Amino acid sequence: MTEGKRKRQAVEIEAENDVQPKRRNKQRVLMLSSRGVTHRMRHLMSDLEALLPHVKKESKLDSKSQLHLLPELADLHNCNNTLYFEARRHEDLYLWAAKTPNGPSIKMHVLNAHTMDELKMTGNCLKGSRGLLSFDKAFDETEWGRMTKELFTHIFGVPPLARRAKPFIDHILSFSILDSKIWFRNFQILEKDPEQPNGPSKMSLVEIGPRFVLTPIRIFEGAFSGATVYSNPEFVTPAAVRSMMKHRKGNRYRNRKDAQEESVQRKELRRREEDALSVPKVFA
């Protein structure tokens with residue numbers, strides 16, 4: 001072998017060693033709920049599981065005070081993200097989104113949740129297909145918005161090599177911020193008009209479902225624990241809202257009873273004394 005060939009082979013070997021291996025997206029999500037979820041909450045979880053083929057479902061967590069067990073469960077299932085649905089009073093639903101095992105984690109209140117069966121939208125997508133993520137520009141204007149965007153990208157972004165994922169992109173997961181709340185929508189991508197299938201290509205979006213609104217409450221530094229990075233000062237708990245409504249109803253009841261007592265007192269004051277020449281006294 002000549003000296004020139006040896007030098008050329010040495011250069012090729014060095015070039016191969018310099019090529020860095022392609023980074024693989026190995027995001028896996030553990031999804032589970034607490035005890036006390038209703039059928040609507042359970043159907044919402046089923047819809048999200050159908051949209052995210054890289055999700056692993058786990059049975060319900062028995063105790064709501066043992067959130068420190070969730071990072072261990074995620075590690076046992078080889079997951080680095082967790083979606084935990086926490087039900088309170090069989091009517092309030094909270095969603096925990098966390099990176100495990102080191103955090104951060106976000107606690108959110110779920111409002112106006114509607115499942116696919118309730119909406120009955122005309123849109124449809126292939127089960128197991130990958131979806132595009134669309135974030136509102138308002139996410140980049142605040143610190144908590146940027147952190148939430150990064151976390152949602154890891155959780156809702158389906159890896160191309162996920163075990164149950166199919167090599168198709170036919171829907172968009174939309175996240176928008178309005179009134180300090182996160183609005184979630186799911187749209188199908190239509191390349192042609194359904195009314196004119198043989199016509200020219202025309203991109204359009206048709207909503208599929210589900211849809212819900214998330215109110216961020218707190219962002220913690222760790223996974224389900226740690227120092228508070230962000231706290232929403234405008235958040236009012238649903239129990240406090242119901243207590244205020246009951247208090248208003250109680251005030252209305254008291255005001256009505258007070259008005260009835262005042263009416264009785266006025267009638268007593270206006271009553272005339274019986275005349276001596278009245279019929280009952282004359283013909284008694």
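Just so it is clear, the structure is predicted and the values come from calculations on it, not from any experiment. The first residue in the sequence is number 1, and the count goes up from there.
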Give a yes or no on whether [X] and [Y] share a hydrophobic cluster (residues Ile, Leu, Val, Met, Phe, Trp, Tyr; joining criterion: side-chain heavy atoms under 4.5 Å apart).
X	Y	answer
V229	F152	yes
I189	L51	no
I172	I182	no
L70	V37	no

Distance in Å, [X] [atom1] paired with [Y] [atom2], rounded so as to fall on 0.5 Å steps:
X	Y	atom1	atom2	result
N78	K26	CG	NZ	9.0 Å
L30	C79	CG	SG	5.0 Å
M45	L93	CE	CG	9.0 Å
N80	N102	CG	CG	11.0 Å
F85	L44	CZ	CG	5.5 Å

* To do: Compare all side-chain heavy atoms of V55 with those of L48 and state whether any distance is below 4.5 angstrom.
  => no
* **Check: I217 and H109 side chains under 4.5 Å, non-hydrogen atoms** =>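 When only atoms from C-beta onward are counted, I217 and H109 do touch, with a gap below 4.5 Å.
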Is the shortest side-chain N to carboxylate O distance from [X] to [Y] below 4.0 Å?
X	Y	result
D92	R242	yes
R266	E261	no
D140	K149	yes
E86	R88	yes
E118	R40	yes

* To do: Tell me, with the steps shown, if R254 and K249 meet side-chain contact (heavy atoms from CB on, under 4.5 Å).
  => CA-CA 9 Å; R254 283 191 291 270; K249 290 181 180 179; over 6 Å; no
Could you check whether any side-chain N or O of [X] sits under 3.5 Å from a backbone N or O of [Y], counting only pairs where one atom can act as donor and the other as acceptor?
X	Y	result
H90	G36	yes
K107	L95	no
R185	R211	no
D179	K181	no
S34	A87	yes
Q188	N124	yes
S105	G222	yes

* Strictly by modelled atom types, are D170 and S129 linked by a side-chain donor-acceptor pair under 3.5 Å? ->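 Side chains of D170 and S129: pair found under 3.5 Å.
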Closest non-hydrogen atom pair between [X] and [Y], with its separation:
X	Y	value
P216	S180	CD-O, 3.6 Å
F220	G226	CD2-O, 3.6 Å
N81	K99	OD1-CD, 2.8 Å
L83	A97	CD2-CB, 4.0 Å
K60	R35	CD-NH1, 3.9 Å
T100	A223	CG2-CB, 4.3 Å

* Supply the members, apart from M245, of the Ile/Leu/Val/Met/Phe/Trp/Tyr cluster built from side-chain contacts under 4.5 Å; use none for a lone residue. =>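 Reading the cluster by chain and number, M245 sits alongside V236, V241.
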* Show which residues join L69 in its hydrophobic cluster (side-chain heavy-atom contacts under 4.5 Å, direct or indirect), or state none. => none
* side-chain contact (heavy atoms from CB on, under 4.5 Å) between T82 and I155, worked out -> CA-CA 8 Å; T82 303; I155 293 177; over 6 Å; no
Anything under 30° is parallel, anything over 60° is perpendicular, the rest tilted; go ahead and classify [X] against [Y].
X	Y	result
Y84	F224	perpendicular
W144	Y230	parallel
Y94	F235	perpendicular

* Asked: What pairs of residues pass the ring pair (Phe, Tyr, Trp, His ring centres under 6.0 Å) test when at least one of them lies in residues 47-83, not counting sequence neighbours?
  -> none
* Should F139 and F175 be marked as a ring-ring contact (aromatic ring centres under 6.0 Å, His included) after you check the CA-CA gap, both sets of side-chain angles, and the distance that decides it? -> CA-CA 9 Å; F139 278 94; F175 298 90; 7.0 Å; no
* CA sep, side-chain torsions, deciding dist, call: M147, E143, side-chain contact (heavy atoms from CB on, under 4.5 Å) -> CA-CA 6 Å; M147 188 176 296; E143 290 289 340; over 6 Å; no
* Please assess V206 against F187 for the test side-chain contact (heavy atoms from CB on, under 4.5 Å), listing each intermediate value before the final yes or no. => CA-CA 5 Å; V206 180; F187 297 96; over 6 Å; no
